[in-house]
Amino acid sequence: MSITRALIDLDRLVANAGVFREAAPDGMDIMAVVKGDAYGHGAVACSRALVDAGIRWLAVATLEEAAALRENGIDEHILVFAPPLADRLPAYAALNVDITAVSIEVLEAIVAYRPELVERLHVKVDTGMSRLGIQPPDIGRAAAILHSTGYRPRAIWTHLAHSASRPDPRSVDQDRILRTVAADHGLADVPRHILNTGGFVHHKELRRAEDPLARIGIGLYGIALTSAPPADRLQPVMRVLSRVLQVKHVEAGTGVSYDHTWRAPEATRIATIGAGYADGVPRLLSNRGAVGFPGPGTSHPIVGRVCMDMMMVDIGPAPEAATSDIATGDEVVLLGTGGPTAAQVAHWADTISYEICTGLGARVPREYADRAGQ
Ligand SMILES: Cc1ncc(COP(=O)(O)O)c(C=O)c1O
């Protein structure tokens with residue numbers, strides 16, 4: 001068994017999906033966003049669990065991510081967010097995935113290649129993110145190309161730029177722009193999808209029964225961006241554990257780890273933990289982060305620089321009562337119940353929770369549990 005491992009609770013994943021499905025109006029379902037290896041949780045296992053629970057739509061970032069799901073027997077609808085470069089269209093078609101059209105160029109390439117692929121197209125409109133998508137003044141041309149084929153695209157969609165932390169009038173504007181351009185160019189009857197986790201949670205008024213899908217990512221993994229309902233019912237899916245490799249006494253003034261950026265202010269004990277930045281522990285946690293010890297139920301600070309494969313924790317002087325002591329081999333919680341939340345780790349590392357879970361190292365095995373056991 002690996003020293004550092006991630007426990008993934010698939011029941012919680014499915015329950016979190018249920019939280020969004022219950023809060024969605026009739027007619028709206030979720031598209032489960034499983035890109036980035038399901039935000040570090042393992043795309044194949046998570047997709048299987050979600051599909052078994054009745055989820056009909058998945059989304060990934062790249063064609064390779066879609067191929068991995070298909071190779072593992074996942075036959076549901078998959079939308080690939082990355083637009084196809086013309087030479088890759090045959091691969092999109094062969095995998096039977098849905099395609100994002102982000103420009104006139106992409107539309108023309110698809111129509112020239114196989115007009116019937118329009119039925120698998122999700123036409124992306126850039127309503128304010130300035131990342132991917134057809135800009136509103138060009139939608140007229142795009143609509144003319146689409147109409148000329150006689151096929152109806154699967155969807156028209158956009159991505160919100162300001163949805164993560166609070167309700168924002170700019171999200172409402174983006175929604176309005178999408179509806180307006182669709183209506184103005186004969187695309188009003190094309191199904192729409194707009195909301196991500198933040199948009200869904202913060203904008204109940206944008207959860208519209210006539211929009212069949214909401215693209216939910218981070219919320220599925222129980223990483224709440226806010227405590228607003230229904231996010232208050234989400235449960236974290238991932239727990240990352242490691243173990244103590246060595247415990248040593250150090251005298252006052254002893255330097256710890258590379259460059260001795262921390263010195264013991266008084267005699268103490270240092271526990272060396274078997275996880276470092278190659279496992280996804282951000283190096284920015286050096287002298288800032290903490291880990292949990294489930295046995296004694298305590299939390300202790302990370303001291304000195306986080307190394308590639310290890311980090312050191314100041315566990316204090318030996319306690320009087322040996323029962324609450326920390327010893328070589330003990331389990332340590334790096335993330336999740338009994339330790340810091342993804343949001344706490346993200347705060348220490350000056351980043352967002354998305355990067356913390358997605359950055360879990362490839363060498364950390366994901367162990368899946370559900371009600372049925374391992
Ligand atoms: C286009 C698109 N839609 C939906 C999502 C899901 O967003 P979230 O994880 O905030 O729910 C993402 C993730 O970044 C995305 O890129």
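As the structure lists them, so they are numbered: ligands from 1, and atoms in each ligand from 1.
- At a heavy-atom distance under 4.0 Å, only side-chain atoms of Trp157, from C-beta outward, approach ligand 1.
- Close approach to Arg215 involves these atoms of ligand 1, each under 4.0 Å from a residue heavy atom: 2 (C), 3 (N), 4 (C), 6 (C), 11 (O).
- For atom 7 (O) of ligand 1, the closest heavy atom belonging to the protein is Asn196 CB, 3.5 Å.
- Under the 3.5 Å distance criterion, the side-chain polar atoms of Arg269 are matched with a main-chain donor or acceptor of Gly316.
- Using a 4.0 Å cut-off between a side-chain N of Lys or Arg and a carboxylate O of Asp or Glu, Arg208 and Asp175 qualify as a salt bridge.
- Of the possible polar contacts, none joining the Thr149 side chain to the Val118 backbone as a donor-acceptor pair under 3.5 Å is found.
- Comment: Asp309 engages Arg363 in a salt bridge, judged by a side-chain N to carboxylate O separation of less than 4.0 angstrom.
- Here is the list of ligand 1 atoms found below 4.0 Å of a heavy atom in Ile218: 8 (P), 9 (O), 10 (O), 11 (O).
- Residue contact check: Tyr39 has heavy atoms under 4.0 Å from atoms 6 (C), 7 (O), 8 (P), 9 (O), 13 (C) of ligand 1.
- Geometrically, ligand 1 and Gly217 share a nitrogen or oxygen pair separated by less than 3.5 Å.
- Of the protein's heavy atoms, Tyr354 OH, 2.5 Å lies nearest to atom 10 (O) of ligand 1.
- Salt bridge absent: Arg70 and Glu64 never bring a charged side-chain N and a carboxylate O closer than 4.0 Å.
- Contact of the Met312 side chain with the Arg305 side chain is not registered, since no non-hydrogen atoms from C-beta on lie closer than 4.5 Å.
- Comparing Ile30, Ile194, Thr197 by heavy-atom distance to atom 11 (O) of ligand 1, the nearest is Thr197.
- Using the six-membered ring where Trp is involved, Trp157 and His122 have ring planes that are perpendicular, over 60° apart on the 30 and 60° scheme.
- Atoms of ligand 1 found under 4.0 Å from any heavy atom of His159, numbered from 1 in the order shown, are 1 (C), 2 (C), 3 (N), 4 (C), 5 (C), 12 (C), 15 (C), 16 (O).
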*Under the side chain to side chain contact (heavy atoms under 4.5 Å, CB included) rule, what do Ile216 and Asn16 come out as? Steps first, then yes or no, please.*
CA-CA 10 Å; Ile216 304 298; Asn16 292 337; over 6 Å; no
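- Within the 4.0 Å heavy-atom cutoff, Arg131 counts among the residues contacting ligand 1.
- Within the 4.0 Å heavy-atom criterion, neither part of Met129 lies near ligand 1.
- Of the protein's non-hydrogen atoms, the one nearest atom 16 (O) of ligand 1 is Lys35 NZ, 3.1 Å.
- Contact annotation: the side chain of Thr272 never approaches that of Met311 to less than 4.5 Å [non-hydrogen atoms, C-beta and beyond].
- For the pair Lys124 and ligand 1, the shortest N or O to N or O distance does not fall below 3.5 Å.
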